[in-house]
Amino acid sequence: MSHEELKSCCADAYSKDIVALLLGDSYHPGGTALTRRLADRLALTPGGRVLDVASGRGTTALLLADAYGVRAEGVDYAPANTALAQGAAEAAGLADRAVFTTGDAEHLPYDNEVFDAVVSECALCTFPDKPRAAAEVARVLKPGGRLGITDVTADTDRLPPELRGLTARIACIADARPLDDYAELLAAAGLRTLTTERHDEAMIRMIDQIQARLDLLRITAPARLADAGVDLTAAPAVLDAARAAVTDGVLGYALLAAVKSSP
């Protein structure tokens, strides 16, 4: 599968309603509480221009616009997500401070050095060309601007077979990297890591949440799961493997904040 096909596959998966039912509004471990913790590491100021890369249905960008008073701009590969996010901004009365665009994280549709901060939650691990995506973030950040990431971490050599396929890749697991690798990736793009935090317990909570919602939907809406292509036979084994991987330190979740060096 080519890079473009993989990105389309991932974007299509995350624009489906069934994903919202299983993952909740935030689509990532830790939810809005971890988003706020991340935002607090970025020294955001009212009126500042902030980009959310892989903004999904807009939850993070809308929170930043509302709670921090920034001008939040979201970019997502799926047009369906862009439309939903813009609709949510209008419904929340935030359309003047939250704008969403369809675009590619590896070819960001913005000028150089225009953003005060960039955030990306549970997304870098899904990008096929991670160095290119990191370079694009550095390009659009102002000197001294900050990047905040929350993402899946993985010891890829120890991942079990259940967590290596295309489904696992879409679920942010199969192509995740160790935390140190993310920091090195950012450093190569000119972004110096300021702080890292482990939040592995957030991953366990999300796995448990998916299991509970899957069990409920199995009873209340089995046809909806089948129409969405959810494999009810394989899902329990995948969730069990993911839970065991977190417990064994193979899989985790982390927060990372970095800064673009001034010239």
Student: Any side-chain to backbone donor/acceptor pair from T126 onto C122? Under 3.5 Å, distance only.
Tutor: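 No, the answer is negative, given that no donor and acceptor are paired below the 3.5 Å cut-off.
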
Student: Are more than 12 heavy atoms, taken from residues, nucleotides or ligands other than R192, located less than 6.0 Å from that residue's CZ atom?
Tutor: no

Student: If Ile, Leu, Val, Met, Phe, Trp and Tyr residues are connected whenever their side-chain heavy atoms lie under 4.5 Å apart, and connections chain through other members, are L159 and V152 in the same group?
Tutor: yes

Student: L186, L194: one ILVMFWY side-chain cluster at the under-4.5 Å cut-off?
Tutor: no

Student: State, yes or no, whether a side-chain contact exists between K130 and E106 at a heavy-atom distance under 4.5 Å.
Tutor: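 No, side chains not in contact.
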
Student: If I take atom CD from residue E73 and atom CG from residue L64, how far apart are they, to the nearest 0.5 angstrom?
Tutor: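 The CG atom of L64 is 12.0 Å from CD of E73, to the nearest 0.5 Å.
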
Student: Could you report the tightest heavy-atom contact between A65 and A98, atom names first, then the distance?
Tutor: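 Here A65 and A98 meet closest at CB-CB, 4.3 Å.
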
Student: Do L239 and I210 pass the side chain to side chain contact (heavy atoms under 4.5 Å, CB included) test, and can you show the C-alpha distance, the side-chain angles, and the key distance before you say yes or no?
Tutor: CA-CA 8 Å; L239 290 170; I210 293 171; 3.9 Å; yes

Student: Would you check, one step at a time, whether the test side chain to side chain contact (heavy atoms under 4.5 Å, CB included) holds for R146 with R41?
Tutor: CA-CA 9 Å; R146 294 191 177 190; R41 300 291 181 274; 5.6 Å; no

Student: Rounded to the nearest 0.5 Å, how far apart are CG of D96 and CZ of R71?
Tutor: 8.5 Å

Student: Return the CG to OG1 distance between L251 and T156, rounded to the nearest 0.5 Å.
Tutor: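 Taking CG in L251 and OG1 in T156, the distance rounds to 11.0 Å.
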
Student: Within a 6.0 Å radius of atom CG on N112, are there more than 12 heavy atoms belonging to other residues, nucleotides or ligands?
Tutor: yes

Student: Under 4.5 Å between any side-chain heavy atoms of L147 and V119, yes or no?
Tutor: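 Counting from C-beta outward, L147 and V119 never come under 4.5 Å.
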
Student: Roughly how far apart are D104 CG and Y77 OH, rounded to 0.5 Å?
Tutor: 5.5 Å

Student: Taking all non-hydrogen atoms of both residues into account, name the closest pair between E90 and A95 and its distance.
Tutor: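 So the two residues come closest at CG-CB, 3.9 Å.
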
Student: Can you name the nearest heavy-atom pair linking F127 to A133, along with the distance?
Tutor: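 What the structure gives for the nearest pair is CD1-CB, 3.6 Å.
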
Student: Working to the nearest 0.5 angstrom, can you tell me the gap between E184 CD and D180 CG?
Tutor: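 Going from CD on E184 over to CG on D180, the span is 6.5 Å.
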
Student: Do you know the tightest heavy-atom contact between G252 and D200?
Tutor: CA-OD1, 3.3 Å

Student: Distance to the ring centre below 6.0 angstrom and angle to the axis at most 45 degrees; does that hold for R177 and Y182?
Tutor: no

Student: Is there side-chain contact between V118 and V50, with at least one heavy-atom pair below 4.5 Å?
Tutor: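 In short, these two side chains do not touch, never coming nearer than 4.5 Å.
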
Student: Hey, are the side chains of F115 and L108 touching, using non-hydrogen atoms and a 4.5 Å cut-off?
Tutor: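 Counting from C-beta outward, F115 and L108 never come under 4.5 Å.
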
Student: Can you find a pair of side-chain heavy atoms, one from D240 and one from R243, that are under 4.5 Å apart?
Tutor: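 Heavy-atom side-chain distance check passes, below 4.5 Å.
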
Student: Determine whether L63 and R36 satisfy the following criterion, side chain to side chain contact (heavy atoms under 4.5 Å, CB included), listing intermediate values before the conclusion.
Tutor: CA-CA 8 Å; L63 184 154; R36 287 177 179 271; 4.0 Å; yes

Student: Would you call S55 and E121 a side-chain contact if the rule is heavy atoms closer than 4.5 Å?
Tutor: no

Student: At their closest point, which heavy atom of A85 faces which heavy atom of G56, and how far apart are they?
Tutor: CB-O, 3.9 Å

Student: So, does K260 use its side chain to make a donor-acceptor pair with the main chain of G145 at under 3.5 Å?
Tutor: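 No, because the side chain of K260 does not come within donor-acceptor range (under 3.5 Å) of the backbone of G145.
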
Student: Distance from D151 atom CG to H199 atom NE2, nearest 0.5 Å?
Tutor: 13.0 Å

Student: Do T153 and Y253 have side chains that approach each other closer than 4.5 Å (heavy atoms only, starting at C-beta)?
Tutor: no

Student: Which heavy atom of V259 sits nearest a heavy atom of G144, and at what distance?
Tutor: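 Of all heavy-atom pairs spanning V259 and G144, the closest is CG2-O, 3.5 Å.
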
Student: Does a salt bridge link R139 with E113, judged by any charged N lying under 4.0 Å from a carboxylate O?
Tutor: no

Student: What residue among N81, T82, D76 forms side-chain hydrogen bond (donor to acceptor under 3.5 Å, both in side chains) with T102?
Tutor: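 Checked N81, T82, D76 against T102; only one passes side-chain hydrogen bond (donor to acceptor under 3.5 Å, both in side chains): T82.
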
Student: Is there a continuous path of hydrophobic side-chain contacts, each under 4.5 Å between heavy atoms, that joins V140 to V53?
Tutor: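 Result: yes, single cluster for both.
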
Student: L84, L94: one ILVMFWY side-chain cluster at the under-4.5 Å cut-off?
Tutor: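 No: no chain of side-chain contacts under 4.5 Å links L84 to L94.
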
Student: Can you tell if the side chain of T195 reaches within under 4.5 Å of the side chain of L256, non-hydrogen atoms only?
Tutor: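 Result no, sub-4.5 Å side-chain heavy-atom pair not found.
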
Student: Salt bridge between D129 and R132, side-chain N to carboxylate O under 4.0 Å?
Tutor: no

Student: Can you hop from V114 to L191 via hydrophobic side chains spaced under 4.5 Å?
Tutor: yes

Student: Please step through side chain to side chain contact (heavy atoms under 4.5 Å, CB included) for the pair R49 and Y110, ending with a clear verdict.
Tutor: CA-CA 12 Å; R49 192 176 176 190; Y110 305 101; 4.2 Å; yes

